[in-house]
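Notes to accompany the following structure.
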There are 2 protein chains.
Amino acid sequence: MNLQQLQTLAVVVETGSFSAAARRLQKAQSAVSSAIAELEIDLGIQLFDRSKRYPQLTAAGERVLQQALIINAQCQALSEFAAGLSDGEESTLTLAVDDEGQLPWLAPILAEFALAFPRLELRLLFPLLEDLTLLLRQGEADLAISYQPLSPPTDIERWPLQAINFVLLVAVTHPLAAFVEDGVTTNQLQQHRQLLVTDRLQGVEKQRGRLAADVWWLEGDMAVLALVKQGLGWAWLPEPLAQTALAEQPKALLPLHLKDTAGLPSSILPVQLELWRQRGKTPGPAARWLLQRLLNRV
Amino acid sequence: MNLQQLQTLAVVVETGSFSAAARRLQKAQSAVSSAIAELEIDLGIQLFDRSKRYPQLTAAGERVLQQALIINAQCQALSEFAAGLSDGEESTLTLAVDDEGQLPWLAPILAEFALAFPRLELRLLFPLLEDLTLLLRQGEADLAISYQPLSPPTDIERWPLQAINFVLLVAVTHPLAAFVEDGVTTNQLQQHRQLLVTDRLQGVEKQRGRLAADVWWLEGDMAVLALVKQGLGWAWLPEPLAQTALAEQPKALLPLHLKDTAGLPSSILPVQLELWRQRGKTPGPAARWLLQRLLNRV
DNA sequence: TGGAACCTATCAGGAAAACAGATAGATGAA
DNA sequence: TTCATCTATCTGTTTTCCTGATAGGTTCCA
């Protein structure tokens, strides 16, 4: 069996005759004839009924044709994919996102991306506890989406994406829930356990957003949300995530508003979401596309 | 590009070196080397890193390999399928079933069938209004499942499958629903509209099961069931279908039992389900398998 | 450090294939 | 019937593919 035989089969069916296929393929008629004959011998099946003037596919030939078309298409896909690769297209692109809560607005963009680069493998990481800069420096990730760092690294290029508001959440069973109407003071918040996201590094970033004396550290916003639901403390959560949680379980969670801003860490103000890339690393077409698409997002 | 090149690529990766691949393929090492080299030229990509002792797949090569494995597998599937065809296996099998209500017990058998004949195309027809014998005679269907006919055709081979009971169903809103406790008489039934399945032929079969004077004819059991639910009449429905309907909407439908059998058409007694095949037509392996499996069903 | 054992690339020559061109027979329309 | 068009098959040529040999690189070990 042979790729050219399968392709010849497809062209013969398309054009309706061996001669026409030969013209289309710029070959002699005898070449087409013997190619089909050999394919029939190899498969052990008669593909065409030649009793009439024009060859006619047999029932078995019909089924073989279907398979052949699929194989031809995949071979062509391989060729095109290879052509893309030889033009410098990436075969894999890794995007590291700080937080699964970004997925709702990110997913539609990734859907577009999949259409633009159908054969490319996308790796989407949510390295909750790892350093994104490390991932970029080690080449583990090509692009990253992260909150604005307190101490910006110099070897990372950064572009602003959007500002994320944080919402104060407690469970209805929590003592602070009584103040849902009037609002709470920072002083009151400080007297209850705060739930915070931790990272693996014991740096300054870890204390970001800390207000209370009593703190539990958790791995990721989802874990924080789960413990807030249990009434184990209060937390600031990204607005998109909080919206989703409030919509899903409207009776379990309450948003609180603050009456004052005394002693409030500045990092709880709207925090800038950023797009990161390692400086000096030349991106492929796919990385450039995604970068442009993320920055031009309406 | 070439099928052998793709296969060679797969073997090289599997064995770990060009030389080992050559031994496995019973070819000279130079043949493998040039095959890979030509594939690289054709695709415009370097597939292997040859700086070390053993060639190592590049990132691009990894992706090409994935595609190549898929293509190889499909070519092998085509070969096996063709081998089956040349051994006389059918490429398509059509099973015509009188009634969609048979699907619950039929589906698991068809699942087994799909495993036994993975490449075969199954056509499953529910020709509600057509004559099954005609489908068999015209070669439109290879096998058929039908109720026992009142006048058996001589050119159709028939095997008994199972007896189907019929259940009397009405909606809770129907006047007859009042007799759900005590049961109804045939006389009472005759005074209300009966819903019956019609077929396209205006033969004796059409009147099968008729009891009432006032009758509506509908296309198929599902349509009958829908109108019964609306309270538009009563109907005898196959027990499996009735069970499903009662389980899905326990409050909308009621089963009735008959107090007498005066004037009851004999065809409402358990009706034999049968398997049909046109006499004299030699079946392929798949048809024989399905026939045996249906008859040996526990 | 140098040799043994393994690997790969490349070359020339021969086997196998695929090809073009010509010919004969078959089909369908005028 | 004639004619245009199709397919199968044959022959010789071109192209491809393979083998075997050779040269050079890598790894390991004495």
Side-chain angles (χ1 to χ4, degrees), chain A residues 1-62 64-65 68 71-72 75 78-79, chain B residues 1-62 64-65 68 71-72 75 78-79:
Chain A
M1 203 175 68
N2 203 326
L3 269 186
Q4 291 204 7
Q5 289 169 359
L6 297 183
Q7 197 181 343
T8 303
L9 168 64
V11 176
V12 166
V13 173
E14 203 177 332
T15 57
S17 80
F18 292 10
S19 302
R23 290 190 289 271
R24 166 89 66 90
L25 293 169
Q26 314 256 43
K27 287 183 182 176
Q29 173 262 323
S30 61
V32 172
S33 179
S34 55
I36 296 294
E38 276 212 21
L39 182 59
E40 285 179 322
I41 291 172
D42 289 345
L43 296 178
I45 299 175
Q46 188 170 358
L47 298 175
F48 288 97
D49 171 20
R50 285 125 158 137
S51 66
K52 302 289 173 58
R53 179 171 193 170
Y54 290 90
Q56 199 152 11
L57 264 185
T58 60
E62 183 67 45
V64 170
L65 172 68
I71 293 173
N72 285 338
C75 287
L78 174 55
S79 290
Chain B
M1 203 176 66
N2 204 325
L3 271 185
Q4 290 203 10
Q5 290 168 357
L6 297 183
Q7 197 182 343
T8 303
L9 169 64
V11 176
V12 166
V13 173
E14 203 176 332
T15 58
S17 81
F18 292 10
S19 302
R23 289 191 288 271
R24 166 88 67 90
L25 293 169
Q26 314 257 40
K27 287 183 181 175
Q29 172 261 323
S30 60
V32 172
S33 178
S34 56
I36 297 294
E38 275 211 22
L39 183 59
E40 285 180 322
I41 291 171
D42 289 345
L43 296 179
I45 299 175
Q46 189 171 357
L47 298 174
F48 288 97
D49 171 20
R50 283 122 159 142
S51 66
K52 302 288 173 59
R53 180 173 192 168
Y54 290 92
Q56 199 153 10
L57 264 185
T58 59
E62 182 68 46
V64 170
L65 172 68
I71 293 173
N72 285 337
C75 287
L78 174 54
S79 290

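Labels below follow one simple rule: chain letters A, B, ... track the order of the sequence lines, proteins then strands, and each chain is numbered from 1.
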Closest to the side chain of A:Gln5, out of D:dT9, C:dA18, D:dC18, is C:dA18
Return no unless some side-chain N or O of B:Ser17 is found under 4.0 Å from OP1 or OP2 of C:dC6. no
C:dA17 C1' sits how many Å from A:Met1 CE, rounded? 17 Å
Want to settle it: does B:Gln29 or B:Ala35 sit nearer the 5' end of DNA chain D, counting the closest nucleotide to each? B:Ala35
Between P of C:dC19 and CG of A:Leu25, the distance in whole Å: 10 Å
D:dC6, OP1 or OP2 - any side-chain N/O from A:Arg23 closer than 4.0 Å? yes
Using only atom types and a distance under 3.5 Å, with no angle test, would you say the side chain of A:Glu40 pairs donor to acceptor with the backbone of A:Phe48? yes
When the distance from CZ of A:Phe48 to P of C:dA26 is rounded to whole Å, what number comes out? 21 Å
Mind checking B:Ser34 for me? I need base, sugar-phosphate or nothing, with any heavy atom below 4.0 Å counting as a touch. nothing
Can you measure B:Ile41 atom CD1 to C:dT10 atom P for me and round it to whole angstrom units? 9 Å
Below 4.0 angstrom from OP1 or OP2 of D:dT7, is there any side-chain N or O of A:Ser33? no
Compare every heavy atom of B:Gln5 with every heavy atom of B:Met1, then report the nearest pair and how far apart it is. CA-OE1, 3.6 Å
Between A:Ala28 and B:Lys52, which is nearer to the 5' end of DNA chain C once each is assigned its nearest nucleotide? B:Lys52
Phosphate contact (C:dC19 OP1 or OP2) by A:Lys27 side-chain N/O below 4.0 Å: yes
So which one's nearest nucleotide on DNA chain C is more toward 5', A:Asn2 or A:Ser51? A:Asn2
Kindly point out which of D:dA21, D:dC10, D:dT7 is positioned nearest to the side chain of A:Ser19? D:dT7
Side-chain contact check for A:Tyr54: nearest option of C:dA9, D:dT5, C:dC6 is D:dT5
Take atom CZ of B:Arg53 and atom P of D:dG24, then tell me their distance rounded to the nearest Å. 19 Å
Only one of A:Val11, A:Thr15, A:Leu9 passes side chain to side chain contact (heavy atoms under 4.5 Å, CB included) with A:Val13; say which it is. A:Leu9
Where A:Ser34 and A:Ala31 come nearest, the two heavy atoms and their spacing: OG-O, 3.1 Å
Quick one: label B:Ala31 by what it contacts on the DNA or RNA (base, sugar-phosphate, nothing), any heavy atom closer than 4.0 Å. base
How close or far is atom P of D:dC17 from atom CD of B:Gln7, stated in whole angstroms? 15 Å
Between CD1 of B:Ile36 and P of C:dC7 the distance, given in whole Å, is 16 Å
Is there a donor-acceptor pair under 3.5 Å between the side chain of A:Ser33 and the backbone N or O of A:Gln29? no
Whole angstroms only, please: what is the CZ-P distance between B:Phe18 and D:dG20? 20 Å
For B:Gln4, report the nucleic acid contact type (base, sugar-phosphate, nothing); a contact means any heavy atom under 4.0 Å. sugar-phosphate
For a quick test of reading the model: is some side-chain N or O of B:Arg50 closer than 4.0 Å to OP1 or OP2 of C:dT10? no
When rounded to the nearest 0.5 angstrom, what is the spacing between CG in B:Leu78 and CG in A:Asp42? 10.5 Å
